[in-house]
Engineer: 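Mind looking over this structure? Questions follow.
Excluded from the calculations below are hydrogen atoms, water molecules and symmetry mates; all remaining heavy atoms, backbone and side chain alike, are included. In what follows, every chain begins at residue 1, and chains take the letters A, B, ... in the order their sequences are listed. Predicted model only: the values in this text are computed from it and were never measured.
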Number of protein chains: 2
Amino acid sequence: MTDRTARPVRVLLVDDQPLLRTGFRMVLGAEEDLDVVAEAGDGVEAVDLSRRLLPDVVLMDIRMPRMDGVAATRAIVDARLPVRVLILTTFDLDEYVVGALRAGASGFLAKDVPAEDLVTAIRTVAAGEAVVAPRILKRLLDRFADVLPDPSATPPRSLAALTEREREVLVQVARGLSNSEIAAELSVSETTIKTHVGHVLTKLGLRDRVQAVVLAYETGLVRPRG
Amino acid sequence: MTDRTARPVRVLLVDDQPLLRTGFRMVLGAEEDLDVVAEAGDGVEAVDLSRRLLPDVVLMDIRMPRMDGVAATRAIVDARLPVRVLILTTFDLDEYVVGALRAGASGFLAKDVPAEDLVTAIRTVAAGEAVVAPRILKRLLDRFADVLPDPSATPPRSLAALTEREREVLVQVARGLSNSEIAAELSVSETTIKTHVGHVLTKLGLRDRVQAVVLAYETGLVRPRG
DNA sequence: CCCGATCTCCTCCCCGGGGAGGAGGCTCAC
DNA sequence: GTGAGCCTCCTCCCCGGGGAGGAGATCGGG
């Protein structure tokens, strides 16, 4: 409907109540930088539309027919779509909150949130940050602060099976280099690199270097940014 | 010069002098199609805000604490953000100009530029074109016209250049899928996927899908799940 | 001293990926 | 209506990547 330069934050509305969707659409439509690109009436539709339209933010209800919002969130996150999910529900029960956040949601708000707070939250989530309603957050922290996962630990996976040299080659692969470029970089022959790459793929059960790059990022062997 | 009824141009102001930022904000605020979305006081903030807000244009000072404008420009450009940098400085020394443009800046103006010229320049840069103050340009050409780099290749390397479908395909590529797998996933022929992938590579100036995966992670199109 | 692991390098072979150069249909803007 | 994008699909062609199946060299430990 609009242009594809994705300037405004593109939002997908997911709720089984059409009336409520209409209300939200009007609220968000008043914001210049928010663009409701589609609506879904249940989780299945939500996942499908997320995959096809790649919205920046999905405003997701929890209680819905066919597939609930938590399952839909998990499906979207597991599919690794570049899509953030902001849960917006009538019930801020703890189980919902925990389930949704575990599923990978970027935020959790109650439906009675002021319009201004909602649009702010959408922008925040679109920017890659997270939002949880203060009241809900407080309860969350009270209950789970002591069991928060250790952020320092992110152990490499099957990468341990690799030799020093193989890991080194994998890093170069994950920089987008070709075999010949890596050979030049490490001052060995291209054949040698091919051998190393072959070993890496075999040991990690991967099909090609593309999957090797994905795994390198997912395991943290290499990290985005710099 | 034609498409100005569309969404506003989102601008990030970067200068270490708050007063000067205020002045610019007022000037730009008077323009309906310009939208100052944020301000930064140094290069570090500028890079961070660019990454998070993806403004269309960054108005960048050069002399700043922590990280100067040239380094910040380079960081933004290297991250392949769909963001154009317009340098705006008190000093139009040649070293600054060359350094900034080498770093990937889309324009270079002196701070004493008339307000009208500035807003025009912003629109021009936002449209993907470049602007250098005539006086500065003259000096540049005098010195470097004979060593100008090959103009044949250096296309816009920005995810924003991609169509909806191309971005969608890129996401699948970045999941490690083959063309035939993506074809099955999206219910089209493998040939179509090859076409889309080809366009993605061409538009982003990449060599193969491996580099596409790297870029997808580096730009945040897809993110590792920690 | 010999074994296993690692790193190095080779050839032969096949296939998927990517470029070139199309074409038809569709929608929207002018 | 005309044209510009976009999405869809095709063929022909080439090359880099990856598998198979080796081999020689080094080094540490049993």
Engineer: Do A/V197 and A/V173 make a side-chain contact, defined as non-hydrogen atoms from C-beta onward lying under 4.5 Å apart?
Structural biologist: yes

Engineer: With rounding to the nearest 0.5 angstrom, report the CG to NE2 distance, A/L186 to A/H196.
Structural biologist: 8.0 Å

Engineer: Tell me, do B/V36 and B/R10 make a side-chain contact under 4.5 Å, heavy atoms counted?
Structural biologist: no

Engineer: Using atom names, set out every protein N or O paired with an N or O of nucleotides 23-30 of chain D below 3.5 Å, distance rounded to 0.1 Å.
Structural biologist:
none

Engineer: Along nucleotides 5-27 of chain C, 5' to 3', which nucleotides get a B, which get an S, and which get a -, given that the test is a protein heavy-atom distance under 4.0 Å?
Structural biologist: -SSBBB------BBS--------

Engineer: Side chain of B/D208, backbone of B/Q211: donor and acceptor closer than 3.5 Å?
Structural biologist: yes

Engineer: So do the side chains of A/V169 and A/I193 get within less than 4.5 Å of each other, counting heavy atoms only?
Structural biologist: yes

Engineer: Can you check whether A/Q17's main-chain N or O pairs, donor with acceptor, with A/D15's side chain at less than 3.5 Å?
Structural biologist: yes

Engineer: Within the side chain of B/E181, is there an N or O that forms a donor-acceptor pair under 3.5 Å with the backbone of B/S178?
Structural biologist: yes

